Amino acid sequence: MKMCVVIAALLVVNSVQAAPQVDWLFPMGAQRGTEATVQIGGKYTWPLKAWADDKGIAIEPDANKTGAFKVKVAGKVVPGPHLVRFYDANGTTSPRVFFVGKARDALEKEPNNEMLDAQMLDALPAVVHGKLQKGGDVDAYRVRLKAGQVLVAELNAYTVGVAMDALMMLRDARGVKVAFNHDAHSLDPRLVWRCRRDGEYVLQVAAFKFPANSTSSFSGGENHVYRLTITNGPFLRHAWPASVAGGTDSLVSLVGWNLREDVVKVKRTDANELVLPIEAVNGPLRLPVSRRAESIEREPNDTNATANEFGLPMSISARINKPGDVDRFAFFPGKGDRCRFDLDSFELGFLLDAHLSIEDANGRELAANDDSNKKRDPFLNWTAPADGRYCVKVRSLLNKGGGEYFYRLKLSRPEPSFSGTVAAPHFVVNAGATAEMKVAVSFLDGFKGKLEVAVSGLPGGVTAESVVMEKKGDAVLKLVAAGDARPHNGPIQISVTTEDGAIEKPVTTALTSAGTSNGVPQGFPDFVIPNTASLWLTVLPPKTAEKDK
C-alpha cells in the first residue's frame with residue numbers, strides 16, 4: 001500500500017511540467033472574414049489551448065495535426081496586430097503577435113529561390129506569409145507594375161519577436177537591381193520604389209543572423225517566418241498632425257503612397273484614441289486624442305528670429321526635412337513656470353535621433369537632452385529663470401533628415417500623474433500556496449496622495465488584498481490560493497487607482513527589451529506592440545513531495 005502512495009505522489013510531481021513555449025506562428029496572421037490553419041513551433045505538449053485579445057479571433061486546436069490550430073477571424077475585427085497566447089495545465093506562453101489583415105493572404109510556394117522560379121503574385125495588394133527554410137535561402141516574388149506606380153513592400157519579422165535581420169531587393173526582368181532596403185525603422189525592411197516602365201519585377205527576401213556574428217551568409221531555419229505586405233495601391237505612413245485635439249472638429253492630412261484621399265474629417269470626441277477607416281492596405285488610421293491644442297510646423301523656422309510661436313499646452317507635428325535642418329518653436333513663460341517638452345519619433349516608428357534644447361532670446365542654450373531613460377526620444381523638464389521669450393530647438397543628432405524624420409513635440413505644464421508596471425506578462429501560484437506580484441509604482445511630476453494597487457479577474461479560491469502606496473516603490477500583492485483552488489488559466493487585470501477612485505490606470509508590462517544591441521547603439525528595442533495590460537494567471541495543483549517519507 002505504501003508503494004502505491006509513493007508511485008501516486010511521483011505521478012503527481014511528474015505531471016507538473018514546464019509551461020509551454022511558442023517561438024513562432026506560421027502564418028502569423030489572416031485576412032479578416034476568413035479562416036486559416038496556423039502551425040506553431042517551440043516546446044510544448046500537445047494539445048494546447050489558445051486565447052486572443054479580440055473575441056472575434058477564434059483559435060481552436062486541430063485534432064488531426066500536432067501544433068496546428070484552426071483560426072477564424074470575424075469580419076468585424078479591427079485590422080492590425082493582435083496578441084494571442086497558448087496554454088495548458090502547466091502555464092502559458094509569452095504573448096505572440098497575430099496580424100489581422102485587409103488584403104488577401106498568399107502562402108509562399110517553394111521552389112522560389114531563383115529569379116526564374118519566382119512565385120507569381122497575380123493580384124496586388126497581397127500579404128505573403130513566408131519562411132526562409134534554411135541557411136542561404138532566398139525567397140523571390142514576381143509582380144507586374146506599370147510606369148508611374150509606386151511599389152511598397154513592408155516585412156514584419158523582428159518587430160514581432162522573430163530572431164532574424166531581413167532585407168529586400170527589387171530587380172527588373174534583366175536581373176538588374178533597382179531598389180534595396182535592409183533596415184527601415186527597426187531591423188525589418190520597408191522598400192518603396194516608383195516604377196519607370198511597364199513590366200515584371202522580382203522582389204527577393206533574405207535575412208542575416210540575429211544577433212549578428214562574424215559570418216556574412218544568409219540565415220535560415222524553421223523559425224525564420226515573416227509577413228510581407230506588397231502593394232501598388234494605397235499605403236498609409238502617418239497623419240499630419242499625428243494626433244488630434246478631442247474638443248473640436250478637425251481636418252487631418254494623410255501621408256503615404258498611392259493615396260486616393262489626402263484629408264480626412266475628424267469629429268470631436270471624448271475618447272483617448274480614434275480608429276478611422278482608411279482606403280489603404282495597412283489601415284485603419286489610429287489617432288491619439290489629446291487634451292491640448294494641435295498644430296503643425298511652419299517653415300522657415302531654422303533661426304531664433306523665425307521660430308514658430310506657440311502657447312502652452314500644445315502638440316506640434318513637424319519634420320527635419322533635410323540634413324542640417326533645424327526647427328525652433330518660441331514660447332513665453334513667466335518666471336518660475338515649470339515646463340515639460342516631450343519629443344516622439346522613434347516611438348512613432350520614425351528615424352529621427354533628436355537633440356532637444358532650450359534657448360533664451362539671445363540663442364544661449366539653457367538646457368538640453370539627447371536620449372531620455374536610455375531611449376532615443378528626448379524630453380526635458382525645465383523651469384523658466386525669468387519672464388521672457390524662449391525657444392525649443394530640435395535638430396538631428398546625426399545631421400540627417402528627410403520624410404522619415406518626422407516627430408511630434410508636446411509642450412505642456414507638468415501635471416502630477418502616476419503609473420504602474422510589472423516585469424512579466426504572467427504569474428503562477430500553486431493551490432495551497434502564496435505567490436507575490438511586484439508592481440513598480442511611480443509618482444510622477446510631484447503627484448501626492450495615496451494610490452491603491454489591486455488585482456481583478458481572479459478565479460474562485462484565489463485572493464489578493466489590495467496595497468496602498470504613499471510614495472514610489474514596489475507594491476507587493478500577495479496571491480493566496482486555497483488548498484482546494486482548482487487549476488486555472490486566464491486573463492487578469494491589475495490597476496492603480498487614486499484614493500478617491502476618480503482616476504484608474506491599468507498596470508502594463510513591456511513586451512520588448514533593449515538588452516540586445518546587435519552592434520547598434522541602444523539596439524532596436526521597439527516591437528509592433530511594445531506593451532500590454534493583458535496579464536495572465538496560472539493556478540497549478542498543490543506542490544507534492546517527491547517521495548513519501
Side-chain angles (χ1 to χ4, degrees), residues 238-248 250 252-253 266 272-273 287-321 325-348 350 352-373 375-397 405-417 419 444-447:
H238 67 90
W240 185 276
S243 56
V244 294
T248 182
S250 57
V252 174
S253 298
V266 178
N272 293 322
E273 182 185 63
L287 280 175
V289 179
S290 73
R291 300 295 175 255
R292 57 177 70 87
E294 296 285 335
S295 188
I296 59 174
E297 170 196 15
R298 302 183 305 275
E299 292 282 4
N301 64 343
D302 289 44
T303 67
N304 195 295
T306 60
N308 297 168
E309 294 186 354
F310 293 99
L312 273 65
M314 174 70 71
S315 290
I316 305 169
S317 293
R319 184 169 53 227
I320 298 298
N321 292 311
D325 186 20
V326 177
D327 294 338
R328 284 181 169 88
F329 306 97
F331 62 105
F332 300 85
K335 180 179 180 179
D337 282 353
R338 297 173 62 239
C339 306
R340 181 182 176 99
F341 309 94
D342 292 89
L343 188 148
D344 296 328
S345 182
F346 254 76
E347 183 177 328
L348 299 177
F350 294 88
L352 178 63
D353 191 355
H355 183 274
L356 179 67
S357 59
I358 308 297
E359 298 177 338
D360 63 16
N362 297 317
R364 181 168 60 96
E365 185 177 284
L366 305 178
N369 183 259
D370 171 18
D371 299 328
S372 62
N373 298 331
K375 295 184 178 180
R376 296 197 182 194
D377 291 333
F379 81 86
L380 275 172
N381 280 325
W382 177 78
T383 301
D387 296 354
R389 179 182 184 274
Y390 299 87
C391 280
V392 182
K393 176 184 176 183
V394 179
R395 64 178 176 85
S396 167
L397 187 69
Y405 292 80
F406 174 87
Y407 65 93
R408 179 182 179 221
L409 178 65
K410 291 172 283 187
L411 298 78
S412 62
R413 312 284 188 192
E415 296 182 2
S417 184
S419 66
L444 306 172
D445 293 322
F447 180 87

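As the structure is a computational prediction, the values presented were derived from the model and not from experiment.
- There is a side-chain donor-acceptor pair under 3.5 Å between Y407 and D327.
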Next on the checklist: Applying side-chain contact (heavy atoms from CB on, under 4.5 Å) to D344 and K410, what does each step give before you reach the verdict?
Outcome noted: CA-CA 8 Å; D344 296 328; K410 291 172 283 187; 3.1 Å; yes
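- In this structure, CZ in R328 is found 12.0 Å from CG in N308, a value given to the nearest 0.5 Å.
- Proximity of L312 to P333: side-chain heavy atoms (C-beta onward) are nowhere separated by under 4.5 Å.
- Minimum interatomic distance between L287 and A239 (heavy atoms only, all atoms of both residues): CD2-CB, 3.6 Å.
- A distance of 12.5 Å separates CG of D325 from CZ of R395, quoted to the nearest 0.5 Å.
- Every salt bridge (charged side-chain N to carboxylate O under 4.0 Å, His left out) that E273 has, sequence neighbours left out, goes to R286.
- When all heavy atoms of V289 and A245 are compared, the pair lying nearest together is CG1-C, 4.4 Å.
- No donor-acceptor pair closer than 3.5 Å links the side chain of D445 to the backbone N or O of S417.
- Contact record, E347 with D377: N-OD2, 2.9 Å, taken as the closest heavy-atom pair.
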Next on the checklist: Walk me through whether N304 and R389 qualify under side-chain contact (heavy atoms from CB on, under 4.5 Å).
Outcome noted: CA-CA 10 Å; N304 195 295; R389 179 182 184 274; 2.6 Å; yes
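- K335 has its side chain out of reach of P385: every pair of non-hydrogen atoms, C-beta onward, lies at least 4.5 Å apart.
- The ring-ring contact (aromatic ring centres under 6.0 Å, His included) test applied to H238 returns F350, F406, not counting sequence neighbours.
- For the pair P241 and V252, the tightest heavy-atom approach, listed with the atom from each and the gap, is O-CG1, 3.9 Å.
- Between F331 and W382, the ring planes lie perpendicular to each other; the angle is over 60°, past the 30° to 60° tilted range.
- At distances below 3.5 Å, not a single donor-acceptor pair connects side-chain atoms of N362 with backbone N or O atoms of R364.
- Of all the heavy atoms in R291 and G246, the pair that sits closest is NH1-CA, 4.1 Å.
- When side chains are defined from C-beta on, V394 counts as touching L356, because their heavy atoms get closer than 4.5 Å.
- Here the CG-NE2 distance, from N369 to H355, works out to 8.0 Å after rounding to the nearest 0.5 Å.
- Residues E294 and S250 are not in side-chain contact: their nearest non-hydrogen atoms beyond the backbone lie 4.5 Å or more apart.
- Taking CG from D370 and CG from L397, the interatomic distance works out to 4.5 Å, rounded to the nearest 0.5 Å.
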Next on the checklist: Before you tell me yes or no, could you show the steps for F329 and F341 under ring pair (Phe, Tyr, Trp, His ring centres under 6.0 Å), namely the whole-Å CA-CA distance, both residues' side-chain angles and the distance that decides it to 0.1 Å?
Outcome noted: CA-CA 11 Å; F329 306 97; F341 309 94; over 10 Å; no
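- Crowding of E415 atom CD: a count of heavy atoms from other residues, nucleotides or ligands under 6.0 Å not exceeding 12.
- No donor-acceptor pair under 3.5 Å is formed between the side chain of E365 and the backbone N or O of A367.
- Side-chain contact between Y390 and L366 is present, with heavy atoms from C-beta onward closer than 4.5 Å.
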Item to check | Test log, rule side-chain contact (heavy atoms from CB on, under 4.5 Å), inputs E297 and S317 | outcome: CA-CA 6 Å; E297 170 196 15; S317 293; over 6 Å; no
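- Taking every heavy atom of both residues into account, R338 and R413 meet most closely at O-CD, 3.7 Å.
- Between the CG atom of L343 and the CG atom of L352 there is a distance of 6.5 Å, given to the nearest 0.5 Å.
- Between L409 and D342, every side-chain heavy-atom pair lies at or beyond the 4.5 Å cut-off.
- Going from atom OG of S315 over to atom CD1 of I296 covers 13.5 Å, rounded to the nearest 0.5 Å.
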